Amino acid sequence: MSRVVGVRFRRAGKIYFFDPGNLELKFGHRVIVETSRGLELGEVVQESKEVDDHEIVPPLRVVRRLATEADFKQLNDNRKKEAEALIVCQEKIEKHHLDMKLVDVEYTFDHNKLIFYFTAEGRVDFRELVKDLAAVFRTRIELRQIGVRDEAKMLGGMGPCGRGLCCSTFLEDFEPVSIRMAKDQNLSLNPTKISGICGRLMCCLRYEIEHYEFAREDSPSPGDQVMTSQGDGRVISYNYVKKSVLVKLTDSSKQQEFPVEEVDRKT
């Protein structure tokens, strides 16, 4: 077991464990930590706790110190320089006629590296672009290709529900989403209805899928022959929210809705 605190560097970003050392860190404290990219300023989102060693990705680095006013000033200066770097990089992309979309720019806290995030349909030969950017900014340059879901997470926006995108507000990781999830919830399979602004299936399709899977285990499925208080029939559809089934009665050919507990499957 090791004593750790959870630190996050971006909103809705992953949480990384660090050794708090002798510091008494509380939720919301801003701290300076050493990462594989160099020094970074992060926020404590999980207070000191004991975790199993297998939950830790080695090496477990120690929190350097609490952030100071000078650190916050440097962070603000970095943000201003990132905005300028974004403009310069876009001009260089157009100069080299590269088929890529620039998404975001990030300076590491200690100015050790300047990272440009972009999307593209395929591989991009950006070697000349890197040379130009290195000559302008005189620091290490990294161009990192990301997917459209990562782009939405970085840029944010509003979903069709009218709220901020889940990925940019609280989701730490992307989990697999399949068209089967939409089918199991009796949702429209119209791509415009079940796709997010990233063009991929909406992450929220998986939020309630466990409920639907649990409800389906002991419930009749469409096509099953059943017995009801009004006679035998065949299940047309299942309403997971109301926990009812729509049955086409054999004798009258009428369709009638029954609570699922009032329907027995014929064996």
Side-chain angles (χ1 to χ4, degrees), residues 2 4-18 27-28 33 35-37 40 42-47 49-58 60 100-104 106 115-123 142-219 221-222 238-241 243:
S2 300
V4 301
V5 291
V7 177
R8 178 178 283 154
F9 301 101
R10 281 176 173 262
R11 184 184 182 187
K14 292 182 179 180
I15 297 175
Y16 297 90
F17 289 143
F18 290 87
F27 181 87
V33 296
T35 71
S36 58
R37 306 193 315 180
E40 294 286 357
E43 180 180 0
V44 176
V45 294
Q46 291 180 353
E47 295 187 5
K49 62 179 182 179
E50 298 285 336
V51 299
D52 290 331
D53 291 336
H54 73 268
E55 297 183 46
I56 299 172
V57 178
L60 180 63
M100 56 191 290
K101 177 184 176 184
L102 186 61
V103 175
D104 199 9
E106 180 184 11
I115 306 170
F116 296 88
Y117 299 92
F118 71 95
T119 60
E121 292 295 329
R123 295 179 62 86
E142 179 180 344
L143 269 76
R144 186 176 301 175
Q145 187 170 356
I146 60 175
V148 290
R149 297 179 85 188
D150 297 298
E151 178 185 10
K153 185 178 182 70
M154 282 186 171
L155 299 181
M158 301 294 290
C161 59
R163 302 182 62 128
L165 298 181
C166 298
C167 60
S168 64
T169 53
F170 66 88
L171 282 184
E172 296 178 15
D173 293 303
F174 292 112
E175 296 190 32
V177 183
S178 67
I179 195 69
R180 181 72 185 180
M181 294 178 180
K183 291 180 179 179
D184 288 346
Q185 297 173 69
N186 293 327
L187 298 176
S188 167
L189 299 184
N190 184 336
T192 61
K193 299 292 186 182
I194 57 176
S195 298
I197 64 172
C198 61
R200 300 291 188 267
L201 292 172
M202 291 189 294
C203 295
C204 56
L205 289 178
R206 70 174 298 113
Y207 292 172
E208 298 178 359
I209 193 60
E210 290 184 3
H211 165 75
Y212 285 88
E213 291 174 347
F214 177 77
R216 192 172 61 248
E217 286 180 359
D218 299 317
S219 304
S221 302
Y238 184 99
N239 189 314
Y240 292 95
V241 178
K243 294 184 178 179

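A quick note: this is a predicted structure, and the numbers were derived from the prediction, not measured.
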(request) Give a yes or no on this: more than 12 heavy atoms of other residues, nucleotides or ligands lie within 6.0 Å of atom CD of E55. (result) yes
(message) Taking the side chain as everything from C-beta on, heavy atoms only, tell me whether E151 gets closer than 4.5 Å to K101.
(response) yes
(message) With a 3.5 Å distance limit and no angle check, can you tell me whether K153 reaches the backbone of L171 through a side-chain donor-acceptor pair?
(response) yes
(message) For a 4.5 angstrom cut-off between non-hydrogen side-chain atoms, does F17 reach Q46?
(response) yes
(message) Is the shortest side-chain heavy-atom distance between K193 and L187 below 4.5 Å?
(response) no
(request) Could you go through the salt bridge (charged side-chain N to carboxylate O under 4.0 Å, His left out) check for E213 and R180 one step at a time? (result) CA-CA 11 Å; E213 291 174 347; R180 181 72 185 180; over 6 Å; no
(message) Working to the nearest 0.5 angstrom, can you tell me the gap between M100 CE and Y117 OH?
(response) 13.5 Å
(request) Can you measure from CD (E43) to CD1 (I15) and round to the nearest 0.5 angstrom? (result) 10.5 Å
(request) Indicate yes or no: at least one non-hydrogen side-chain atom of D173 is less than 4.5 angstrom from one of K14. (result) yes
(message) Take a 6.0 Å sphere around CZ of F174 and say whether it holds more than 12 heavy atoms from other residues, nucleotides or ligands.
(response) yes
(request) Report yes if some heavy atom in the side chain of V45 is under 4.5 Å from a heavy atom in the side chain of V7; otherwise report no. (result) no
(message) Could you check whether R10 pairs with E106 (Lys NZ or Arg NE/NH1/NH2 to Asp/Glu carboxylate O, under 4.0 Å)?
(response) yes
(message) Just verifying a value: how many Å separate C161 SG and M202 CE, rounded to the nearest 0.5 Å?
(response) 8.0 Å
(request) Answer whether the closest heavy-atom distance between the side chains of F118 and R144 falls below 4.5 Å. (result) no
(request) To the nearest 0.5 Å, tell me how far L155 CG sits from D150 CG. (result) 10.5 Å
(message) Does any part of the side chain of R37, heavy atoms only, come nearer than 4.5 Å to the side chain of I115, both counted from C-beta?
(response) yes
(message) For D184, is there an ion pair with R206 - N to carboxylate O distance below 4.0 angstrom?
(response) no
(message) Pairing donors with acceptors under 3.5 angstrom, does anything connect the side chains of Y240 and Q185?
(response) no
(request) Using the six-membered ring wherever Trp is involved, compare the ring planes of Y16 and F9 and label them parallel, tilted or perpendicular (cut-offs 30° and 60°). (result) tilted
(message) Hydrogens and angles aside, do T192 and N190 bring a side-chain donor and acceptor to less than 3.5 Å of each other?
(response) yes
(message) If you count heavy atoms of other groups shown closer than 6.0 angstrom to CD of E50, is the number above 12?
(response) yes
(message) I need the C204 SG to I194 CD1 distance, nearest 0.5 Å.
(response) 10.5 Å
(message) Tell me if a side-chain donor or acceptor on E47 pairs with a main-chain N or O of F27 at a distance below 3.5 Å.
(response) yes
(request) Check whether any side-chain heavy atom of S221 sits under 4.5 Å from a side-chain heavy atom of Y238, and report yes or no. (result) no
(message) Keeping R8 on the side-chain end and G13 on the backbone end, is there a donor-acceptor pair under 3.5 Å?
(response) yes
(message) To the closest 0.5 Å, what do you measure between CG (N186) and CG (N239)?
(response) 7.5 Å
